[in-house]
Amino acid sequence: MSGGSKSDECATANGKVYIPEVRNEETPAVGMKFDSLDLVYSFYNSYAFFAGFDSTKVLTKQLGSVNIPIHQKVSIFEVQSGGMDKIGFIKKDIYNLECSVNGKLRNHDVELVTEYFMAEQKKNEAFYFKIEGDGHDRFSRCFWADATSRRAYGFYGDVVVFDTTFNTNRYDLTFAPMLGVNNHGQTIVLACAFLSKETTESFVWMFEEFKKAMPGGEPKMIITDQDAAMAIAISIACPTTFHRLCIWHITSKFSVKLPRDAYKEYWREFQKAIWDTDNKDEFDAKWNIVVTKAGLTDHPWPSSMFDLKESWVPAYAQQFFAAGMSSSQRAEACFLELKTDDACKVVFNVSERKNWETRVAEVVYVKDSDHASCSCKRFKFVGIICKHILALFIRDQIEYMPDKYILKRWKKTAKSGLVSDANGNEIKDCADPGLLIKRSTMSRLASDVVEDALMSEEGCELLSETLKSLQVKLKLLKDGPSNNEVGGFSSQTQYMKDPKRVRCKGRSKGVTGAKEKAMKRGIRHCWECGRIGHDRRQCPALNTP
């Protein structure tokens, strides 16, 4: 390697750092043994990586944001640079960069979150957020909902699912998403919150912020797990909302709450009582029969669940619209039998074969109002007409579904129309289709210009100078006058302290299998047959002649 001139030496003078020129073609490949001069040049390359390669650092961060491992990042830079010897840095430099970035961001999490929320609100005034701290100026809770979610609530906000089974490891904050279902039956996010405490006061605060952010008032139904503080908060903040308990959480507890023998023998009958009943009296009768047979009359848990039946049993809750959530009904073939026919109405018994038994639903057709209803109450509960009424329509050869049986939330036009907040301001989507078209057009144009410029050195210099000049002009255009009061919500500029860190812990214990238990106890296990007590060398499956 040729030595640099005296002015090229690494020295500090008048606040400037001079770095000798590094010849990439002589830089050794990663993994080779460095001598003392190679180490010096490696240091210079590392310094150049941190000091000058802004685009490389940005790309490194972007790759890290999608969990690209460091060895793959190096491979990407190798292809981009035309070889490992032309990258200009080593794998350790990327580790150092990520450690440096993480170190700079430490103790600034709330500040970064607040700045992100403010930036989103600046891009779209319909972005809503609220951050609050405790009495010691430390972060306590936050709530946010973007414009897309707020508009979605305007169309599909009749039923909301609320869950708090997730939390963060670093600060032990409870993550509380509020979800819904759209006109395609897909799960959508309506709003999110971080809470430091799962208390009634915290939940009331969150529901009050939810009502402030969402157009159209309280939801008709909220589905949650069985939590006392949450139930009280809903009754306070949303008194007109029907609070339904998640049936999955309750049915999953039968195996834990009931005696083992009773659960093993009678669980199937409990299922039939819960799911295969259409009315309240039928459920009460089947439930009492199975509880008596199982010897659980005096058991406290089945009694407490029976007392809460109106909040979770389908026969009691299906009179309320729930967009089909917590429903297990499926289409079957059906047979009609005329029961009564008078001047006012016609009544049919609709039989269906389900699993191992025949069940009968009652369909009533009122002549004056031209309206059909069914005892299964699927249309009230799911919002989609049931198979029993469809069987009646088929019998009467009705070719087109009457509009009264098709809710707007299930149509393609469900999101058509305007959604306004309490102040009468229209809430617009963040994603403007026009922007996507512009981005695509400009991306193609920019790609063509770059390809033309790469044909000559003069073209590269011209494009580079033009882009730098354009970048300055765009920055001035971007950093124009801004309004701190956006969308009627005050932007927050005084940052709070981050929450206190806690030791990492899991939210719940996972189910450990026999192999994992054997590994923890130090018992040998065979990777060939999966059994314990021996390893692959003594496996009978391999050593059998």
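Only heavy atoms go into these numbers, but all of them, side chains included; no hydrogens, no water, no symmetry mates.
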A.B. asks: Output the distance between atom CE (Met221) and atom CZ (Phe242), rounded to the nearest 0.5 Å.
C.D. replies: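 Met221 atom CE to Phe242 atom CZ measures 5.0 Å (nearest 0.5 Å).
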A.B. asks: Out of curiosity, Thr164 OG1 to Asp225 CG, how far, rounded to the nearest 0.5 Å?
C.D. replies: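 Result: 5.5 Å between the selected atoms.
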A.B. asks: Between the side chains of Glu115 and Lys122, is the shortest nitrogen-to-carboxylate-oxygen separation below 4.0 Å, so that they form an ion pair?
C.D. replies: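 Salt bridge flag = no for Glu115 with Lys122.
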A.B. asks: Before accepting this row, confirm whether a basic side-chain N of the pair Arg138/Asp498 lies closer than 4.0 Å to the acidic partner's carboxylate O.
C.D. replies: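 Result for this pair is no, no salt bridge flagged.
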A.B. asks: Mind checking the OH-CZ spacing from Tyr116 to Phe129? Nearest 0.5 Å is all I need.
C.D. replies: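 Separation between the atoms: 12.0 Å.
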A.B. asks: Test side-chain contact (heavy atoms from CB on, under 4.5 Å) on Trp205 and Glu132 and set out the steps.
C.D. replies: CA-CA 10 Å; Trp205 175 87; Glu132 284 193 357; 3.1 Å; yes
A.B. asks: Kindly give the heavy-atom pair with the smallest separation between Leu308 and Gln226, and that separation in Å.
C.D. replies: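 Smallest heavy-atom distance, with atoms named: CD1-NE2, 3.4 Å.
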A.B. asks: For Ser140 and Ser196, does a side-chain donor sit closer than 3.5 Å to a side-chain acceptor?
C.D. replies: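 Per modelled atom types, Ser140 and Ser196 side chains form a pair under 3.5 Å.
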A.B. asks: Hydrogens and angles aside, do Thr224 and His243 bring a side-chain donor and acceptor to less than 3.5 Å of each other?
C.D. replies: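 Yes, a side-chain donor-acceptor pair sits under 3.5 Å.
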A.B. asks: Hey, mind stepping through Tyr153 and Phe210 against ring-ring contact (aromatic ring centres under 6.0 Å, His included) and telling me if it holds?
C.D. replies: CA-CA 11 Å; Tyr153 182 85; Phe210 183 78; 5.3 Å; yes
A.B. asks: If I take atom OG from residue Ser235 and atom CE from residue Met230, how far apart are they, to the nearest 0.5 angstrom?
C.D. replies: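 One gets 12.5 Å once the value is rounded to the nearest 0.5 Å.
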A.B. asks: Looking at CH2 of Trp410 and CD1 of Ile385, how far apart are the two atoms once the value is rounded to the nearest 0.5 Å?
C.D. replies: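 Between Trp410 CH2 and Ile385 CD1, I get 14.5 Å after rounding to 0.5 Å.
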A.B. asks: Could you tell me if Arg244 sits above the aromatic ring of Trp312, with its cationic atom closer than 6.0 Å to the ring centre and no more than 45 degrees from the axis?
C.D. replies: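 Not satisfied by the 6.0 Å and 45° rule.
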A.B. asks: Do Glu218 and Thr240 meet the criterion of a side-chain donor-acceptor pair at a distance under 3.5 Å?
C.D. replies: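 Thr240 and Glu218 do have a side-chain donor-acceptor pair below 3.5 Å.
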A.B. asks: Ignoring hydrogens and angles, tell me if any N or O in the side chain of Ser464 forms a donor-acceptor pair with the backbone of Cys460 under 3.5 Å.
C.D. replies: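 Looks like no, no N/O pair under 3.5 Å.
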A.B. asks: Are Ser469 and Thr466 close enough that a side-chain donor and a side-chain acceptor fall under 3.5 Å?
C.D. replies: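 Note: Ser469 and Thr466 side chains miss the donor-acceptor criterion.
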A.B. asks: For the atom pair CZ (Phe117) and CD1 (Ile131), what is the distance rounded to the nearest 0.5 Å?
C.D. replies: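 These two atoms lie 5.5 Å from each other.
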A.B. asks: Does the pair Phe207 and Phe162 meet the rule for a ring-ring contact (aromatic ring centres under 6.0 Å, His included), with working shown?
C.D. replies: CA-CA 10 Å; Phe207 287 126; Phe162 177 56; 5.4 Å; yes
A.B. asks: Decide yes or no on side-chain hydrogen bond (donor to acceptor under 3.5 Å, both in side chains) for Tyr128 and Gln121, but give the supporting numbers first.
C.D. replies: CA-CA 7 Å; Tyr128 182 96; Gln121 193 179 79; over 6 Å; no
A.B. asks: Do the side chains of Glu209 and Lys211 get close enough for a salt bridge, i.e. N-O under 4.0 angstrom?
C.D. replies: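 So Glu209 does not pair with Lys211 through a salt bridge.
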